[in-house]
Amino acid sequence: MTKRIGAPVVPLLGDDVESIKYALSSHLLYTVGKEPVNATARDWFMAAAHTVRDRVTEHWMPTLNRYYQDDRKRVYYLSMEFLIGRTLVNSLINLGIYDNVRTAITELGQDFDEVAAWEVEAALGNGGLGRLAACLLDSMATIGVAGFGYGIRYDYGMFTQHVEHGWQVESPENWLRYGNPWEFPRPGVIYPVRFGGKVIHYRDALGHARSQWVDAEEVMAMAFDVPVPGYGGKVVNNLRLWSAKSTREFDLKYFNAGNYIEAVRDKNESETLSKVLYPSDMTDRGKELRFKQEYFFVAASIQDILGRFRKSHSDWSLLPDKVAIQLNDTHPALVVAELMRVLVDEHQIEWSKAGDITRRCCAYTNHTLLPEALETWPVDLFQRVLPRHLEIVYQMNHEFLQGVRYRHPGDSELLRRVSLIAEEGGQRVRMAHLAVIGSHKVNGVAAIHTGLMKSTIFSDFEHLSPGKITNKTNGVTPRRWLLAANPRLSRLITEKIGDSWITDLDQLRKLEKLADNKAFRKAFAEVKRANKDSLAAMMSMRLGVDVDVESLFDVQVKRIHEYKRQLLNVLHVVTRYNRIRTNPLLNPVPRTVIIGGKAAPGYHIAKLIIKLINDIAEVVNNDPQVGRTLKVVFVPNYNVSTAELVMPAADLSEQISTAGTEASGTGNMKMSMNGALTIGTWDGANVEICEEVGEENMFLFGLTAQEVARRRMDGHDAQAAVAANPELAHALDLIGSGFFSPDQPDRHRQLVDILTSGGDHYLLTADYPLYMAAQDRVDQTYRDPEDWTRKAILNVARMGKFSSDRTVAEYAREIWNAI
Ligand code: 26V
C-alpha cells in the first residue's frame with residue numbers, strides 16, 4: 001500500500017484542558033526557557049502562542065499536501081500589505097479551542113486577557129487595502145480556496161503614533177524584537193533578485209532574436225511562512241513573506257582587499273529592501289526604494305509560483321489553469337513584465353503566447369481613484385533599475401497601441417490617453433495601465449467605485465475591452481470583526497439563532513423578527529452598553545478622559561485624509577459646542593465624539609487636523625458649561641487592536657467622505673455589523689449598505705458623486721456657502737481666529753483657508769448644512785432608545801452581504817475559476 005501524502009505522521013495533539021495545560025507548561029520550559037516562578041505574562045504569551053501554533057501546524061502541512069496531490073488551482077494574492085493584527089485569539093477561535101485554552105491558562109494562575117494583550121500586532125499595512133488582504137486570507141482558508149498570500153516581511157511595519165501636546169509624533173515599532181511566534185523561517189527557500197545591469201541582444205542557434213539581462217546586482221529574498229487557519233481549523237493556508245538578505249556574507253571583492261567593514265556595509269545596504277513599510281497610504285510616489293521593494297517581492301514570488309508549477313507540469317500553456325495571480329492594487333503590477341520576461345527570455349516561449357499566458361493568469365484590483373495615489377514611475381528610474389522590464393513594457397505598449405490604432409484610426413488623443421507611457425512632464429510608466437493590459441479581469445471594490453472606474457479613469461479601456469472591468473464589493477471577516485471582537489453580541493446572537501452565521505452571515509437575517517421583541521431589544525442594548533463600558537474604561541485609564549457611557553458614542557476611525565473629511569466632523573462638533581454655549585435651555589443629547597487615525601508623516605495638513613481635534617478637545621472637555629453633554633476624544637495609535645475595542649462600542653458610525661472618493665470603506669461594514677447606525681454620504685459601500693439595511697435605518701446625506709462632479713465643473717462658491725450659513729461661519733471663525741489655540745491664534749488658519757479661499761476641493765462647505773440636518777435626525781432618533789435599538793438590530797441582521805466569505809466566493813467564481 002502506498003502511503004497517502006498528507007496523512008499525519010505524528011498523532012494529533014490533545015485539545016482538552018489537561019493536554020493544553022501540559023503543552024503550555026512544556027513550552028514555557030522548553031521553548032521559552034522559564035518556569036512558572038520566574039515567568040512574566042509575556043513568557044506565558046509565548047508559551048500560549050506556541051501551544052496554538054502546534055495545533056495550527058498539524059493541519060497546515062496536510063492542507064498543502066492535499067493541494068499538491070489534487071493538483072489544485074492555486075490562487076496567489078500578491079499584496080505589499082497585510083494588516084493582520086494580533087493572531088492568538090483569532091487562531092484559538094478558528095481552531096475552536098478558545099474556551100479550553102482560556103480555562104487552562106486560568107488554572108495555571110494567569111489572567112488570560114493580560115497574557116493575550118502582550119502580543120504585538122503584525123501591522124504590515126497602512127489601512128483599508130492591507131486589512132482587506134488579511135480578511136480575504138481568512139475567508140479563503142474558511143471557504144476552502146487554495147489561496148496563498150505573498151508579501152514583504154517588513155522589519156518595521158506601521159509606525160506607532162504618540163500624541164505630544166496634541167501633535168502626532170511617530171516612532172518606529174520594532175515588532176520582531178521579542179521574536180514572532182507565528183512565523184516559520186525558511187532559510188532553504190531563498191531566491192536571487194536582480195537590479196540594474198544591462199540588456200544584451202543576440203540571435204540563438206535558430207536565428208531568433210533574444211535578449212538577456214546581464215551584469216545586474218543581486219539581493220536574496222528569503223521566505224518566512226505564516227500559517228493561516230480557516231474557521232474550523234481544517235484548512236490552513238500559507239502566507240509567505242519575503243525578507244531581504246545580502247548575497248554573500250562577505251563580498252569577496254572587499255574581503256580580498258582586506259576591507260571587512262566595507263563588505264559588511266554592503267550587506268546592510270542590500271538588506272534595507274525589507275526594512276520598512278512606506279507609511280503613506282496615498283502619496284510618496286517616485287521613491288526608488290519603494291520601486292525596488294515592489295520588484296523584490298514580485299520577482300521572488302514569481303520564482304516561487306513557477307517553481308511550484310514546474311514540479312507537476314512541463315507544459316507552460318497549462319499555467320492559467322493552475323495559477324491565478326491577484327494584484328492588490330498596482331503595487332505588484334511588475335508581475336506582468338516579470339512573467340513575460342521569465343517566459344520569453346528564460347523559457348524561450350514565443351512572445352504572443354507568453355502574452356496570452358500572462359493575461360490569463362493575472363487580474364488586478366483597483367482601490368482608489370484619487371489621482372495622487374495612481375502609481376507612475378519615471379522612465380529613467382525604470383531604465384536604471386529594471387532595463388529589461390522597460391524594454392518589455394515598451395514592446396507591450398507598441399503592440400497594444402498598434403491594435404488600438406487599427407480599431408480607431410486617426411484618434412491620436414486616444415493613443416495618448418491609453419499609452420503605458422505618460423508623456424506630460426517627463427516620461428513615466430503608468431502602472432495602472434500596465435496592470436489593466438496585463439490582466440484578464442480588473443475590478444473595483446464597491447459598485448459605485450466600479451461604475452466610476454468605468455466612466456472616469458478607465459473609460460477608454462471599458463470601451464476597448466467591454467466586460468473586463470467588474471465589481472467585487474469588499475467584505476470583512478465575521479470571525480475577527482464579530483465573533484472575536486464582540487463576544488457579548490456573538491453570544492446573544494448564537495443563543496437566538498444558533499451559530500451557523502459564523503460561516504454563513506446571511507443567517508443573521510433571522511434576527512430581523514427579533515427587532516420588535518422588547519426582551520431582545522433590552523438584551524441587545526445591554527450588550528452595547530457593556531461594550532461602551534469597556535471602551536470607556538480604556539479611555540479613562542489610558543487617556544485620563546472620563547466620558548458618560550449613557551452618551552451617544554459617535555465614532556470616526558480611519559486614516560486622516562482630507563477626502564475622508566474629519567474636518568467636517570470637527571465642524572459639527574464646534575457647531576454643537578456653540579449651540580450648547582449660546583442656548584442654556586437646549587438640553588442636547590449627550591455625545592462623546594471619538595476620533596482616531598494616523599496621518600502620513602509627511603502630510604502636513606492631516607497632522608494639523610489631528611492637532612485641531614486635540615485643541616478642541618482641550619477646550620470643550622474642560623468647559624464647565626458643557627459638562628457631560630459633549631466630550632471629544634482623540635484615540636491615539638488607532639490600529640487593529642484598538643479597532644477591535646472601538647467597533648463593538650460605537651453607536652454612530654461616521655462615513656462622511658466626499659461622494660465619489662472613498663472606494664469602498666470597510667470600517668463602515670465593521671461598525672454596522674456590530675450594531676452602529678451610519679451617518680454617511682452616498683459613497684463607497686455605504687450605498688450598498690443602504691440597499692441592504694434600508695435608508696430608514698441610516699442617516700445618509702449630501703451631494704451624490706454626480707452632483708459633486710457637476711459642482712466642481714461649475715465651480716463651487718465656498719465663500720457664498722459660508723456667508724449663507726451663520727452657524728458654519730461661526731464655527732470657521734472660532735477655528736480660524738484661535739479660539740481653540742490661544743497660545744498660537746493663527747495655528748489653524750490654514751485649515752480654514754483651504755475651505756474658504758482654497759477652493760474647498762472636497763466640498764465640506766457644500767455638504768455642511770445637509771450634514772448638520774442629518775446629525776439633528778441622529779439626535780431625534782437617539783432620544784427614542786427603543787427605536788434606536790430596533791434600527792441597530794436591523795443593521796446587524798442585514799449585514800450578511802458584507803462577509804468577506806461572499807467577496808472571496810465571487811472572486812473565486814468570476815475571476816479565479818477556482819472553487
Ligand atoms: C498607495 C501608496 C502609494 C505609495 C506609498 C505606499 C502606498 C500604499 C497604499 C496606497 C494605496 C492605498 C489605497 C487604499 O488603501 N485604498 C482603500 O482600499 C480599501 C480596500 O479596498 C477601501 O475600502 C478604501 O475605501 C480605499 O481607500
Side-chain angles (χ1 to χ4, degrees), residues 77-83 123-136 151-152 154 157-159 276-294 297 326-333 364-377 431-432 435 442-450 452-453 457 471-477 481 557-565 597-598 600-603 643 655-671 680-681 683-689 705 802 804 807-808 811:
Y77 198 81
L78 267 64
S79 179
M80 287 281 277
E81 306 190 7
F82 287 92
L83 220 187
L124 307 183
N126 271 290
L129 168 142
R131 184 52 235 176
L132 180 75
C135 282
L136 297 184
I152 296 177
Y154 301 105
M158 193 57 196
F159 63 81
V276 59
L277 165 77
Y278 272 79
S280 148
D281 58 344
M282 292 287 167
T283 49
D284 246 349
R285 301 180 354 173
K287 299 278 195 299
E288 179 162 341
L289 180 63
R290 165 85 185 181
F291 185 59
K292 286 184 161 176
Q293 284 184 334
E294 294 185 353
F297 107 102
Q326 190 66 34
L327 310 176
N328 198 22
D329 216 291
T330 55
H331 316 153
Y364 152 56
T365 306
N366 172 281
H367 294 269
T368 178
L369 304 171
L370 294 192
E372 65 266 35
L374 294 180
E375 280 192 303
T376 60
W377 292 107
M431 301 306 277
V442 174
N443 75 280
V445 290
I448 182 179
H449 168 234
T450 303
L452 288 168
M453 277 168 66
I457 58 170
N471 179 244
K472 297 286 166 283
T473 298
N474 284 168
V476 301
T477 169
W481 295 109
V557 283
K558 49 184 77 246
R559 287 297 289 262
I560 311 290
H561 228 291
E562 285 163 278
Y563 84 81
K564 296 178 188 279
R565 301 201 295 191
K598 291 175 183 175
Y603 190 175
Q655 308 298 337
I656 58 176
S657 50
T658 313
T661 63
E662 188 70 272
S664 160
T666 45
N668 46 2
M669 302 168 186
K670 292 165 197 166
M671 278 194 265
T681 46
D683 202 17
N686 298 353
V687 177
E688 288 157 81
I689 293 175
F802 304 99
S804 45
T807 309
V808 163
Y811 276 96

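As the structure lists them, so they are numbered: ligands from 1, and atoms in each ligand from 1. The figures that follow rest on heavy atoms only: side chains count, while hydrogens, waters and symmetry mates do not. Computed from a predicted model, the values in this text were never measured in an experiment.
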Discussion item. Heavy-atom distances under 4.0 Å decide this one: backbone, side chain, both or neither, for V445 against ligand 1?
Written reply: side chain
Fill in: By ring pair (Phe, Tyr, Trp, His ring centres under 6.0 Å) - contacts of Y154 (at least two apart)
none
Item to complete: Examine the proximity of ligand 1 to H331 and report which part, side chain or backbone, both or neither, has a heavy atom under 4.0 Å away.
Response: side chain
Practice prompt. Determine the minimum heavy-atom distance between S79 and L129, stating which atoms define it.
Written response: OG-CD2, 4.5 Å
Practice prompt. Of the side chain and backbone of A373, name the one, both, or neither that has a heavy atom under 4.0 Å from an atom of ligand 1.
Written response: neither
Worksheet item: Quick one: does ligand 1 sit under 4.0 Å from the side chain of E81, the backbone, both or neither, non-hydrogen atoms only?
Response: side chain
Worksheet entry | Contact (N/O only, under 3.5 Å) between S664 and ligand 1 | yes
Worksheet item: So which protein heavy atom does atom 12 (C) of ligand 1 come closest to, and at what separation?
Response: D281 O, 2.9 Å
Worksheet item: F802 and side chain to side chain contact (heavy atoms under 4.5 Å, CB included): which partner among T666, V476, T473?
Response: T473
Worksheet item: How about H561 and T661: do any of their side-chain heavy atoms sit closer than 4.5 Å?
Response: no
Item to complete: Using distance alone, with no hydrogens and no angle criterion, decide if H367 and N328 have a side-chain donor and acceptor under 3.5 Å apart.
Response: yes
Fill in: From the candidates G665, C135, G684, S280, the one that places a heavy atom nearest atom 7 (C) of ligand 1
S280
Response to the item:
atom 13 (C) of ligand 1: closest protein heavy atom, distance to 0.1 Å, is M282 CE, 3.8 Å
Worksheet entry | Enumerated ligand 1 atoms positioned under 4.0 Å from heavy atoms of A663 | 25 (O)
Discussion item. Closer than 4.0 Å to some heavy atom of Y563 - which atoms of ligand 1 meet that?
Written reply: 27 (O)
Discussion item. Please compare K558, K472, H367 and report which has the shortest non-hydrogen distance to atom 17 (C) of ligand 1.
Written reply: H367
Worksheet item: Taking the side chain as C-beta and beyond, is there a heavy-atom pair between Q293 and H331 under 4.5 Å?
Response: no
Worksheet item: If you round to the nearest 0.5 Å, how far is CG of N668 from CD of E688?
Response: 10.0 Å
Discussion item. Applying a heavy-atom cut-off of 4.0 Å, say which part of N474 lies close to ligand 1: side chain, backbone, both or neither.
Written reply: side chain
Worksheet item: Looking only at protein heavy atoms, which one is nearest to atom 4 (C) of ligand 1, and how far off is it?
Response: T283 O, 2.9 Å
Item to complete: Below 4.0 angstrom from a heavy atom of G128, which ligand 1 atoms are there? Numbered from 1 as shown, please.
Response: 19 (C), 20 (C)
Item to complete: Flag the pair T365 / K472 as yes when at least one side-chain heavy-atom distance between them is below 4.5 Å, and no otherwise.
Response: no
Fill in: R131 and ligand 1 - part of the residue with a heavy-atom distance under 4.0 Å
neither
Worksheet item: Hey, is the main chain of G684 close enough, under 3.5 Å, to the side chain of E662 for a donor-acceptor pair?
Response: no
